[in-house]
**Q** 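Once you've had a glance at the structure underneath, I'll fire off some questions.
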Amino acid sequence: MSAGLLAVVSDIHGNLEALEAVLADLDRRGVEHLVCLGDFVGYGASPNECIDLLRPRLEAAVVGNHDVAVLGRIQLGSFNSEAAVAARWTRDSLSPENRSYLETLPDTVVWRDMRLVHATPSEPRAWHYVLSIRDAEEEFAAFTETVCLIGHSHYPGAFRLGPKGLDYGRGEDDFPIEPGCRYIVNVASVGQPRDGDPRAGYLVVNPETATITPVRLEYAVKDAAGRIVAAGLPTYLAERLKWGE
Ligand code: ZN
């Protein structure tokens, strides 16, 4: 890996206020390289604004289930009712250019020696969640890189596979990429946190020190929630941003 800080964002979900806070923080830290793990859209009221802002800064990106749903490639029956309403609304709101962009996104990609995928490396399009040690155990066999970065669950944390076996940490503090260990790191959601912390989340990777830094940031939650209500989207989608659930 070349020097320079890397950052990973995921699950933006059309939340412009959260994305703006994250991008401002990246600039403050001097992050040089950025990737996105998918779910650019869905739930939030600013899908075009988010893609327009993020796309020019991305070195790589993969597709999320909400992106695929907006493209009409998933039966919305698998979504809860608010998610389905938001997917239809987003489908009608998305510009042709941004729709084409989502169409180009791959399921998984290797970027700077790290595996990127929205849900799981074993079956990227099955949209499984990696929530337990048992879930993670199977997934380590599905990629060969040292680090796999995932999103999808909106629950940040890191699974570490080392000589002593597999363990899990919430990943609230910086942690090292230790020699002889492999990792599946679940990145926090930028635009719809669900771990009880309403702050926007993302990750910074420092390749020089082999350190991963999870970041959480206050943002204008009220404004993002207000846009959701103003767009006529389900008010529950606005409310949950305030709780982070
Ligand atoms: Zn998501």
Side-chain angles (χ1 to χ4, degrees), residues 7-19 21-22 35-47 49-51 54-55 58 61-71 73-91 93-94 98 101-102 105-108 116-121 123-131 135 139 148-157 171 184-203 214 216-217 219 221 224-225 228 233-234 236-241 243-245:
V8 184
V9 296
S10 189
D11 298 277
I12 293 93
H13 287 294
N15 184 334
L16 178 62
E17 287 72 16
L19 181 62
V22 166
V35 291
C36 178
L37 303 182
D39 278 5
F40 288 74
V41 302
Y43 298 129
S46 309
E49 294 85 345
C50 285
I51 296 174
L54 195 50
R55 183 182 172 184
L58 292 175
V62 293
V63 77
N65 55 315
H66 285 261
D67 305 320
V68 172
V70 162
L71 297 174
R73 306 278 160 73
I74 278 184
Q75 292 299 322
L76 291 178
S78 66
F79 274 36
N80 66 44
S81 62
E82 287 88 4
V85 168
R88 285 191 198 95
W89 180 90
T90 305
R91 197 181 289 175
S93 308
L94 208 59
N98 285 335
Y101 173 64
L102 295 182
L105 297 175
D107 293 344
T108 177
L116 312 182
V117 66
H118 183 68
T120 63
E123 290 185 281
R125 288 266 174 160
W127 315 116
H128 299 305
Y129 292 100
V130 184
L131 297 172
D135 298 337
E139 297 302 330
C148 174
L149 297 163
I150 64 172
H152 190 43
S153 70
H154 305 201
Y155 285 94
I184 295 175
V185 183
N186 203 326
V187 178
S189 169
V190 170
Q192 195 199 72
R194 292 180 193 159
D195 59 344
D197 180 348
R199 294 176 300 167
Y202 78 100
L203 273 189
R216 297 300 282 264
L217 294 167
Y219 74 95
V221 174
I228 287 174
L233 286 159
Y236 168 70
L237 297 177
E239 290 300 313
R240 69 184 298 179
L241 293 181
W243 313 317
E245 278 170 17

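Read the numbers this way: they start at 1 and go in the same order the structure lists the ligands and their atoms.
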**Q** Measure from the side-chain N and O atoms of Asp11 to the backbone N and O of Val190, and report whether any donor-acceptor pair falls under 3.5 Å.
**A** no
**Q** Please report the closest heavy-atom contact between Leu203 and Pro214, naming both atoms and the distance.
**A** CD2-CA, 3.7 Å
**Q** Distance-only, no hydrogens or angles: does the His118 side chain make a donor-acceptor pair with backbone N or O of Val63 under 3.5 Å?
**A** no
**Q** Is there a donor-acceptor pair under 3.5 Å between the side chain of Asp67 and the backbone N or O of Gly64?
**A** yes
**Q** Spell out the protein N/O/S atoms under 2.8 Å from the Zn ion (ligand 1) as residue plus atom name.
**A** Asp11 OD1, His13 NE2, Asp39 OD2, His154 NE2
**Q** Are Arg216 and Tyr202 in a cation-pi setup, meaning NZ or CZ lies under 6.0 angstrom from the ring centre and within 45 degrees of the ring axis?
**A** no
**Q** Test your reading of the model: is there a side-chain donor-acceptor pair from Asp39 to the backbone of His66, 3.5 Å cut-off?
**A** yes
